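One structure is given below, encoded as structure tokens.
Atom set for the values below is all heavy atoms of this structure, side chains included, hydrogens, waters and symmetry mates excluded. It should be emphasised that the depicted structure is a prediction, and the values quoted were computed from it without experimental measurement. FYI, the numbering just counts along the sequence from 1.
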Amino acid sequence: MDRTQLLLVGLPLFLFISDLFNLFTPPPQKPSSDHHHHHQPPSVIQQQPPQTLDFPTQKTAGIGAVGIGNTVSIDFCSSCSFRGTAVTMKNMLENQFPGVHVVLANYPPPLPKRLLSKVVPVFQFGVIGLVMGGEQIFPRLGFAVPPPWFYHLRANRFGTMATTWLLGNFFQSMLQSSGAFEVYCNGELVFSKLKENRFPGEIELKDLVGRRIANPRVVDGLGASSWS
């Protein structure tokens, strides 16, 4: 028997013996699932109370909301550059009396001064027009020859026009200014620059307005607050 025949006979015999061995050999035990899966007791989740963010409490300046329902009017001369002072007083009152309504307004000059202030621009343009075209204007007004002062103005026309413009603006500013800084609390006058000839101090104005606001509380039996 050569090698080829031996191989053809031995291979089926080897496979047959292997099948018999596997047939009579008990199957291996399946590994327990505990070896593969480790069951851990569920962890207890501790519920923490929600944390709240502590923000600093805003402290209201002054005395709370005592200013609610009260109105302070500051009438000032806008052409006198008093607006900055009025805004400063407005901010101070709003901080000291939260809720107060502060109104800023222009205090107009008397009626005669306002009428004169309207005439000044007409005079300015009249002089400038006369200097520029006097030769045509005077004959229409009934003058055959312009007066001598016209030639003096015409000799320095640019200086005359500049002087007329600057002086006219100066007088107009004076006529439009009232010099007033009047403070009213709920319609009652608490300070007048026209009478005192000075501006009020911040502490002084705070006390004056505070007394006006506190007086109705005393009448209503609510008590008054002390002002420092």
Find the distance between [atom1] ([X]) and [atom2] ([Y]) and round it off to the nearest 0.5 Å.
{"X": "Leu93", "Y": "Ile213", "atom1": "CG", "atom2": "CD1", "value": "8.0 Å"}
{"X": "Ser178", "Y": "Leu194", "atom1": "OG", "atom2": "CG", "value": "6.5 Å"}
{"X": "Arg157", "Y": "Met161", "atom1": "CZ", "atom2": "CE", "value": "7.0 Å"}
{"X": "Gln96", "Y": "Ile203", "atom1": "CD", "atom2": "CD1", "value": "9.5 Å"}
{"X": "Glu204", "Y": "Glu196", "atom1": "CD", "atom2": "CD", "value": "7.5 Å"}
{"X": "Ser73", "Y": "Glu188", "atom1": "OG", "atom2": "CD", "value": "12.0 Å"}

State, to 0.1 Å, how close [X] and [Y] come at their nearest heavy-atom pair, and which atoms those are.
{"X": "Lys113", "Y": "Met174", "value": "NZ-O, 3.6 Å"}
{"X": "Tyr107", "Y": "Ala180", "value": "CD2-CB, 3.3 Å"}
{"X": "Pro200", "Y": "Leu205", "value": "CB-CB, 4.4 Å"}
{"X": "Val190", "Y": "Cys185", "value": "CG1-CB, 3.9 Å"}

If hydrophobic clusters are built by linking Ile, Leu, Val, Met, Phe, Trp and Tyr wherever their side-chain heavy atoms come under 4.5 Å apart, do [X] and [Y] end up in the same one?
{"X": "Phe191", "Y": "Tyr184", "value": "no"}
{"X": "Leu115", "Y": "Phe171", "value": "no"}
{"X": "Phe76", "Y": "Leu189", "value": "no"}
{"X": "Phe143", "Y": "Tyr151", "value": "yes"}

Are the side chains of [X] and [Y] in touch, meaning some heavy atoms are under 4.5 Å apart?
{"X": "Val72", "Y": "Met89", "result": "no"}
{"X": "Arg211", "Y": "Asp207", "result": "yes"}
{"X": "Asn70", "Y": "Arg212", "result": "no"}

Self-check item: Check: Lys193 main-chain N/O paired with Glu182 side-chain donor or acceptor under 3.5 Å
Solution: yes
Quiz item: Is Lys90 salt-bridged to Glu94, going by a charged N under 4.0 Å from an acidic O?
Solution: yes
Donor-acceptor pairs under 3.5 Å, side chain of residues 78-87 to any protein atom, not counting sequence neighbours: which ones?
| residue | atom | partner | partner atom | Å |
| --- | --- | --- | --- | --- |
| Ser78 | OG | Asn106 | OD1 | 3.0 |
| Ser79 | OG | Gln176 | O | 3.4 |

Quiz item: Do Gln172 and Ser117 have side-chain atoms, one donor and one acceptor, less than 3.5 Å apart?
Solution: no
Please tabulate, for the side chains in residues 119-137, all donor-acceptor contacts under 3.5 angstrom to protein atoms that are two or more places apart in sequence or on a different chain.
| residue | atom | partner | partner atom | Å |
| --- | --- | --- | --- | --- |
| Gln124 | NE2 | Trp165 | O | 2.8 |
| Gln124 | NE2 | Asn169 | OD1 | 3.4 |
| Glu135 | OE1 | Arg154 | NH1 | 2.8 |
| Glu135 | OE2 | Arg154 | NH1 | 2.3 |

Quiz item: Which residues satisfy the side-chain hydrogen bond (donor to acceptor under 3.5 Å, both in side chains) test with Arg140, sequence neighbours excluded?
Solution: none
Quiz item: CZ of Phe138: more than 12 outside heavy atoms within 6.0 angstrom?
Solution: yes
